[in-house]
Amino acid sequence: MASDGPRYNFTDAEPRWQQAWAARGCFRVEDVPADGKPKYYVLEMFPYPSGKIHMGHVRNYTLGDVVARYKRARGFSVLHPMGWDAFGLPAENAARERGVHPAKWTFENIANMRTELQRMGLSIDWAREFATCEPRYYGHQQKLFLDFLRAGLVERKESWVNWDPVDGTVLANEQVIDGRGWRSGAPVEKKRLSQWFFSITKYAPDLLAALDGMDRWPERVRTMQKNWIGHSTGAEVRFSLTAPEAGPEADIDRVEVYTTRPDTLFGMSFLALAPEHPLAAAVAARDAGAAAFVAECRSMGTSEAVIETAEKKGHDTGLRVAHPFLPGVSFPVWIANFVLMEYGTGAIFGCPAHDQRDLEFARKYGLNVTPVVLPPDADPASFTLGNDAYVGPGTIFNSGFLDGLGVDDAKRTVIAELERLGIGTGVTNWRLRDWGVSRQRYWGCPIPVIHCDACGVVPVPDAQLPVVLPEDVTFDKPGNPLDHHPTWKHVPCPKCGAAARRETDTFDTFVDSSWYFARFCSPLSAQPLDRAAVDHWMPVDQYIGGIEHAILHLLYSRFFTRAMKATGHVSEEEPFAGLFTQGMVTHASFKGADGRWLYPDEVTIGADGAAVCTATGEPVTVGRVEAMSKSKRNTVDPGAIIVRYGADTARWFILSDNPPDRDIEWTESGVAGAYRFTQRAYRLAEAVAALPAGGGAVPENFCAPALALRRATHRAIASVSEALEGFAFNVAVARMYEFANAIGESDRAADGEGLGWARREALAMFARLLSPMMPHLAEEVQALLVPGSELVAELPWPDADPALVAAESVTIAVQVMGKLRATIAVAPDAAAQAVIDAAEAEPNVARLLEGKRVVKRIHVPGRIVNFVVAG
RNA sequence: GCCCGCCUGGCGGAAUGGUAGACGCACCGGACUUAAAAUCCGGAGUCCUGUAGGGCGUGGGGGUUCAAGUCCCCCGGCGGGCACCA
């Protein structure tokens with residue numbers, strides 16, 4: 001770093017301004033404000049307290065802070081809170097691996113991360129902070145659950161989980177690696193457990209329909225949610241077994257199948273059951289081969305990605321089903337690993353010609369492939385299928401009474417026939433499943449119910465809430481510590497008083513994050529939500545977070561808000577009016593000579609571009625640029641960056657480098673460039689502050705450089721405002737660079753009438769425009785210009801003077817046949833004919849038009865003239 | 001496997017269907033300096049060996065249009081999600 005010249009000292013300035021904001025309470029708001037200002041609720045997805053903030057947090061919270069500060073300057077009363085998504089598996093892992101209690105680990109992490117976030121200079125109302133692992137939060141969550149239960153929005157049913165038979169533990173999908181438990185290495189089994197479910201499927205039609213009106217959500221997120229909810233129409237068809245199978249309770253003589261393609265029923269070649277289907281279980285009870293196959297499928301885990309990418313396998317049960325329309329024709333019944341029990345009826349009919357998965361299965365097991373949909377222009381006599389099923393439109397053939405119909409007509413016709421025969425019905429189906437919320441873990445919100453042998457499941461009475469987690473637990477045994485606790489689960493039944501047991505399952509942590517945004521409105525309320533406060537602040541006007549939450553978290557929150565409305569806690573049903581999804585922070589990865597990954601700060605890039613290990617001098621392989629992760633060690637610690645360059649520099653770089661919805665690559669050179677700009681901005685301010693004190697009155701006249709600067713100033717106000725409104729923060733930064741360049745030019749101009757005034761105006765506006773992005777430097781610049789000034793954080797956003805924004809002349813592109821051949825400068829309001837004449841007179845244009853017949857002259861005012869010539 | 005995105009100079013990117021490459025980074029040249037750093041000024045998509053003029057150019061291929069980075073179709077590469085990670 002250079003030694004000459006006065007420099008902006010961020011180490012001194014940043015904490016000083018953070019204290020000034022806190023002392024003034026700039027970012028505090030009331031639960032129900034009486035200031036009459038319009039409200040604006042900005043929220044970033046709250047962090048999991050892993051211990052340290054990472055660059056993804058820096059990006060997320062910088063984006064939110066720019067919006068919060070901008071809206072505040074625009075006159076809104078802004079709610080901008082912060083809290084902690086504090087329950088979850090990592091705390092239990094830490095407990096098992098290092099013997100530290102999850103609560104201690106979590107609260108220490110929170111303390112550290114709070115300090116780090118506060119160093120970023122975020123305009124947050126810290127008085128609203130809470131952690132979801134505090135009883136003062138999760139106790140209210142238990143109340144909401146009980147209200148949902150009373151409202152019929154909760155039910156208990158069975159579902160399949162990943163079970164580690166060695167550890168005796170339920171495994172998360174991420175804990176299943178290649179079909180084995182991550183700790184024990186034992187093959188994972190599917191196990192059936194009785195669990196609590198939120199009835200999200202009751203809201204499926206509404207959750208789907210409301211997406212259409214959510215115009216401040218990214219289109220792709222809405223599309224992903226639509227696909228996830230998965231509305232489909234089709235038919236349920238009952239197939240009769242040619243011989244009944246003895247089931248555990250009664251004989252099974254038929255199988256229900258759901259299909260979206262009833263029009264292809266005549267192309268059927270088999271029927272396939274999910275391995276968990278009751279009929280499959282019945283067959284397995286007497287057939288060792290089937291039992292072995294079902295057991296094999298059970299070892300596949302519950303993840304849809306795993307199931308659908310696995311090799312398609314099946315087992316022929318030997319059973320046959322009759323075709324619904326073809327007397328005497330029957331098809332084999334298989335058990336297949338790609339049929340999902342959770343979707344439809346857990347059984348399908350296979351039509352290999354028109355479904356890719358069925359085709360692969362049929363080819364593998366030598367089953368018939370009968371095409372029944374003829375593509376347009378195909379010849380029915382010769383049409384055959386290769387390796388691709390035909391799923392497009394066409395005409396039905398080989399299909400009895402459906403022959404000659406189009407696909408959609410055939411669907412209607414076949415459903416009518418199925419209904420007439422009483423063997424099927426047209427149905428609407430949803431891919432969305434109910435939300436299973438039971439987790440067999442300690443570090444989560446206890447589910448407030450009690451199991452009584454006499455009374456069954458009994459809700460904990462509201463007066464006994466919260467059900468608090470016991471602190472004295474041990475993690476030396478596998479399984480859920482709540483199960484092993486000597487006393488906690490033993491309670492009297494609230495109904496009959498007999499000895500009973502607490503539910504030891506805790507909630508999925510997605511429950512915690514499904515209503516925290518509403519709790520922030522009244523974080524100290526004795527009720528889950530204070531109606532006046534949530535009615536004032538909700539919905540969140542701008543929600544900001546990672547695209548990885550596009551489906552689950554956002555959909556669950558949308559459901560939860562509806563459920564809270566149904567139980568009288570809120571008035572709105574959509575929690576997030578505006579959504580912005582940010583990209584990830586990436587960095588190059590480095591691998592040392594010994595094959596170990598190296599952190600970026602262990603690596604030096606030489607002048608020749610070659611990377612070496614700083615400590616050993618050994619060569620380093622530069623790997624791909626990818627999402628920062630601990631395993632690849634391609635992380636950069638925001639704390640270290642803030643110490644070295646300051647929070648404003650970190651904020652500026654992360655805003656400047658690219659559009660916020662794309663992945664950003666963190667680079668040292670980019671940060672250094674951002675740092676240089678902070679110093680340059682400060683120098684520009686110093687130069688202006690050194691000018692003789694200016695009077696308040698606007699000068700009568702401005703010399704040319706002064707006028708040019710004023711135009712630049714007001715163009716900057718207009719363009720930075722527009723960029724901020726549109727989340728184009730990288731463009732806002734570019735406009736600020738242009739503005740700084742213009743100020744720099746005025747610095748070098750010969751002094752003339754009004755120049756000093758224009759420069760003061762420029763710097764004053766510069767500070768205001770800078771403040772959402774680099775709030776500390778903005779305050780410093782303002783203090784330099786106007787010692788003892790108000791805080792920029794409390795100043796209103798400036799308005800541009802339209803007369804100064806308007807261009808004096810515009811450059812028009814002149815094209816001949818769509819190719820640029822000249823440009824001309826014209827007045828913004830020049831008449832069309834005058835512009836066309838001027839364009840035609842351009843030598844290069846005239847040359848190209850000579851001897852040609854101009855058939856069309858296109859003039860887009862302020863933009864372009866295009867001559868279309870014949871021949 | 002299924003669903004959803006993204007792809008523009010050496011790099012990040014800008015661009016209501018209307019001058020492709022604003023702005024920044026890196027680079028090169030100049031000024032300042034004993035020198036370096038810092039700072040300031042200037043240059044630059046690429047090719048036709050020139051500051052005129054022109055060709056080519058927004059992952060590849062086709063299409064719509066007076067005009068396509070932008071709209072449509074196909075293909076490729078990269079990434080996100082897939083229900084117990086958060």
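To find a chain, count down the sequence lines: A is the first, B the second, and so on, and within it residues start at 1.
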Practice problem: Kindly indicate, with the supporting measurements, whether the criterion side chain to side chain contact (heavy atoms under 4.5 Å, CB included) is fulfilled by Arg558(A) and Met214(A). | Solution: CA-CA 12 Å; Arg558(A) 295 181 61 217; Met214(A) 293 163 64; 3.8 Å; yes

Quiz prompt | nucleotides 11-17 of chain B: protein proximity per nucleotide (B base, S sugar-phosphate only, - neither; heavy atom, under 4.0 Å) | solution = -SSS-B-

Quiz prompt | Rounded distance (Å) that lies between atom C1' of rG24(B) and atom CG of Leu655(A) | solution = 14 Å

Quiz item: Hey, does Arg222(A) reach any base, or is it just sugar-phosphate, or nothing, if we go heavy atoms under 4.0 Å?
Solution: nothing

Practice problem: Looking only at side-chain atoms of Asn866(A), point me to the closest of rA83(B), rC4(B), rC66(B). | Solution: rC66(B)

Quiz item: To the nearest Å, how far apart are Gln679(A) CD and rC40(B) P?
Solution: 11 Å

Self-check item: Side-chain N,O (Lys819(A)) to OP1/OP2 (rG57(B)) below 4.0 Å
Solution: no

Quiz item: Which nucleotide, rC66(B), rG1(B), rG81(B), lies nearest any side-chain atom of Ile551(A)?
Solution: rG81(B)

Quiz prompt | Between rU16(B) and rG10(B) - C1' atom distance, rounded Å | solution = 31 Å

Quiz prompt | Arg676(A) side-chain proximity, nearest of rA38(B), rC23(B), rC4(B) | solution = rA38(B)

Self-check item: Nearest-nucleotide pick for Lys856(A), side chain only, options being rC66(B), rU39(B), rA83(B)
Solution: rC66(B)

Quiz item: Closest to the Leu552(A) side chain: rA83(B), rG80(B), rC85(B)?
Solution: rA83(B)

Quiz item: If you look at every strand shown and take non-hydrogen atoms under 4.0 Å, does His553(A) touch a base, only sugar-phosphate, or nothing?
Solution: nothing

Self-check item: base_contact_polar (rC66(B) base, Gln815(A) side chain, donor-acceptor, <3.5 Å)
Solution: no

Quiz item: Could you give the CZ-to-P distance, from Arg183(A) to rC84(B), as a whole number of Å?
Solution: 19 Å

Quiz item: Just by distance, do the side chain of Asp434(A) and the backbone of Ile200(A) share a donor-acceptor pair under 3.5 Å?
Solution: yes

Quiz item: Could one point to a donor on the side chain of Asn227(A) or the base of rC3(B) with an acceptor on the other under 3.5 Å away?
Solution: no

Quiz item: Cationic tip of Lys157(A) within the cone over Phe197(A)'s six-membered ring, i.e. under 6.0 Å and within 45° of the normal?
Solution: yes

Quiz item: Which part of the nucleic acid, if any, lies within reach of Phe867(A) when heavy atoms closer than 4.0 Å are counted: base, sugar-phosphate only, or nothing?
Solution: nothing

Exercise. Check whether any side-chain nitrogen or oxygen of Thr509(A) sits under 4.0 Å from OP1 or OP2 of rA86(B), and answer yes or no.
Key: yes

